There are 2 protein chains.
Amino acid sequence: MAAKSKAGSLERHPRPSVAVDVVALTVEAGQLRVALYKRAEPPQRGHFALPGGFMHIDESIDDAANRVMAAKVGLAGSFLEQLYTFGDLRRDPRGRVITVAYYALVDARRFRAKATPAARSARVLVPWPGETGGPVDVVGDDGRALPLFLDHADLLGLAVKQLRGKLDDSPVGFQLLPTEFTLRQLQEIHEAVRGEPLNKDSFRRRMLASGLLEATGAHEREVVHRPAELYRFTRRSAL
Amino acid sequence: MAAKSKAGSLERHPRPSVAVDVVALTVEAGQLRVALYKRAEPPQRGHFALPGGFMHIDESIDDAANRVMAAKVGLAGSFLEQLYTFGDLRRDPRGRVITVAYYALVDARRFRAKATPAARSARVLVPWPGETGGPVDVVGDDGRALPLFLDHADLLGLAVKQLRGKLDDSPVGFQLLPTEFTLRQLQEIHEAVRGEPLNKDSFRRRMLASGLLEATGAHEREVVHRPAELYRFTRRSAL
DNA sequence: CGGCATATATGCATTGTGCATCTAACTCCC
DNA sequence: GGGAGTTAGATGCACAATGCATATATGCCG
């Protein structure tokens, strides 16, 4: 991409590499989980990294994030939104790399069915309410902390913070649930993300009053108690 | 920055240029205003651009934003926060340029005193409440719309949205006021940013109850009515 | 000194939330 | 087949936050 003299020129400074990393989140059994894969090469071989890759020169950043999501996690077409761009000088020992972080939300059923085996999910140690913003760690299913690649704990922490903010103003569990779900399931999503229990009645009232949900008329089945009504998101809530 | 074989190599793909643009906002006389300068060179000569520049290879993105703020606006050390990274393929006719957008908040007095003459401020046409997110236009002091450079209307729109969100959860006028101010001035800031009038009593009560303000004991002077008490932000509110 | 403009305080109706209680509907177990 | 167990969903009430109206305070100006 040489400089053009007519239309204004791009300076010939050395340029950084631009990467994309995706924080792919899901909620399973009341736990917030994130897709990670174990690094097979240096630097930091054996550490756990968010799925990522370098942006190509002929694709937009959003396209790069979608490509990563499809190729490395196996979940194309997921809800995906840009988060923050990390660009400290020494964040990557391989050279000057800035990374545009995205977060993705996937419902647990789809994640289990379609995620690539390489991208296992690990449990996120959700910070206390009001403590968001800093780095956040993950633990394996044995409860031991997993070492994270580079500054990926920072990316994860910001994703949790962003997701909490999202739940606050459009009070909806976005793409973390299948199309039909019970109010209890929706509440479990909120509790897992926020890291604190919520009042059941007030949660019900707020959700129903928001107009973002509509009843399907159907009910859940094969539960050991009174079956709850199934709801879906209205079109408006897709913003 | 050549690839290193030992520590993992950076691919030799062509790399985009990385720019930084700053949405420097201030509130004056109840109006939200943004710093712009008129382009003297193509492309889009005569259009109005946000102050910006290319990131150097040996500075962090934050440092680049601070450098732009100091060099092009003359307001070093302002409150500055990253906003979003724009990376569409054809957003800049000069080539593949992704830009990391920042927004800055400056109080009106400091802006008037120190902003460089080249960076004039223009009035922001604040969108209706609930209409945020899309592109936002500006008008000159004669009321005529000013043509904006590239996708800078999108950057501005996102800055307004972000600022509104900021005011919602930490309900404080950040750096848009001098260190001491009256509650009425604080309310005017909020109204200018939100684009709607606010209830005076409830605004007072919420602010005082938040614990983010403390009274100085002093009062404003030389007003033609009862002078209001002056407040300042507590240390906590600086987050 | 009286008029005027705005600050600040007080009271009240309305609304949202937390909490307790009550009833409904389904499965499981005997 | 009926009772126990469990969660869904509805209702009522105390309490806090908000919007609105009203009353009082405090400065300048003529």
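All figures in this text were calculated on a predicted structure; none of them were measured in a lab. Here is how names work: the chains are called A, B, and so on, in the same order as the sequence lines, proteins then strands, and each is numbered from 1.
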[X] [atom1] to [N] [atom2], straight-line distance once rounded to whole Å:
X	N	atom1	atom2	value
A/Leu183	D/dA10	CG	P	9 Å
B/Glu220	D/dG27	CD	P	11 Å
A/Lys200	D/dA10	NZ	P	10 Å
B/Gln187	D/dG19	CD	P	11 Å
B/Arg221	C/dA7	CZ	P	18 Å
A/Arg204	D/dT7	CZ	P	15 Å
A/Met207	D/dA8	CE	P	16 Å

Task: Dot-bracket summary - DNA chain C, pairs being Watson-Crick or G-U whose distances fall under 3.5 Å, with | when paired to another strand - done: ||||||||||||||||||||||||||||||
Is the shortest heavy-atom distance from the side chain of [X] to the side chain of [Y] under 4.5 Å?
X	Y	answer
B/Thr179	B/Arg232	no
A/Val138	A/Leu148	yes
A/Arg112	A/Arg109	yes

- [ ] May I ask you to check whether B/Tyr102 and B/Asn66 show a side-chain donor-acceptor distance below 3.5 Å?
- [x]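 On atom types as modelled, these side chains do not qualify, holding no pair under 3.5 Å.
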Task: Near-ring test B/Phe233/B/Phe181, centroid separation under 6.0 angstrom - done: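 They qualify: ring centres under 6.0 Å apart.
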TODO: Check A/Gln31, A/Arg33, A/Glu28 against A/Ser121 for a side-chain hydrogen bond (donor to acceptor under 3.5 Å, both in side chains) and give me the one that passes.
DONE: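 Single pass found, and it is A/Arg33.
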TODO: Could you label the plane-to-plane angle of the A/Phe203 and A/His190 rings as parallel, tilted or perpendicular, counting under 30° as parallel and over 60° as perpendicular?
DONE: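 If you compare the ring of A/Phe203 with that of A/His190, the planes turn out perpendicular.
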Open item on the list: Please confirm whether the shortest side-chain N or O distance from A/Arg184 to OP1 or OP2 of D/dT7 is below 4.0 Å.
Closed with: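 So the side-chain polar atoms of A/Arg184 never come under 4.0 Å of the phosphate oxygens OP1 or OP2 of D/dT7.
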Open item on the list: Can you tell me which nucleotide in D/dT18, C/dG18, C/dA7 comes closest to the side chain of B/Arg205?
Closed with: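 So the nucleotide nearest the side chain must be D/dT18.
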Task: From OG1 (A/Thr132) to CD (A/Gln162), nearest 0.5 Å - done: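 Answer for the OG1-CD pair, A/Thr132 versus A/Gln162, is 11.0 Å.
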- [ ] Take nucleotides 20-28 of chain C nucleotide by nucleotide from the 5' end and write B, S or -, depending on whether a protein heavy atom sits under 4.0 Å from the base, only from the sugar-phosphate, or from neither.
- [x] B---BBBSS
TODO: For A/Arg206 and for B/Glu229, find the nucleotide of DNA chain C with the closest heavy atom, then tell me which residue's nucleotide is more 5'.
DONE: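 It is B/Glu229, whose closest nucleotide lies nearer the 5' terminus.
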Task: Stepwise side chain to side chain contact (heavy atoms under 4.5 Å, CB included) test for A/Val27 and A/Leu176 - done: CA-CA 7 Å; A/Val27 173; A/Leu176 290 169; 4.2 Å; yes
Open item on the list: With nearest nucleotide decided by heavy atoms, which residue, B/Asn199 or A/Ala228, maps closer to the 5′ end of DNA chain D?
Closed with: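 On the 5' side of the pair lies A/Ala228.
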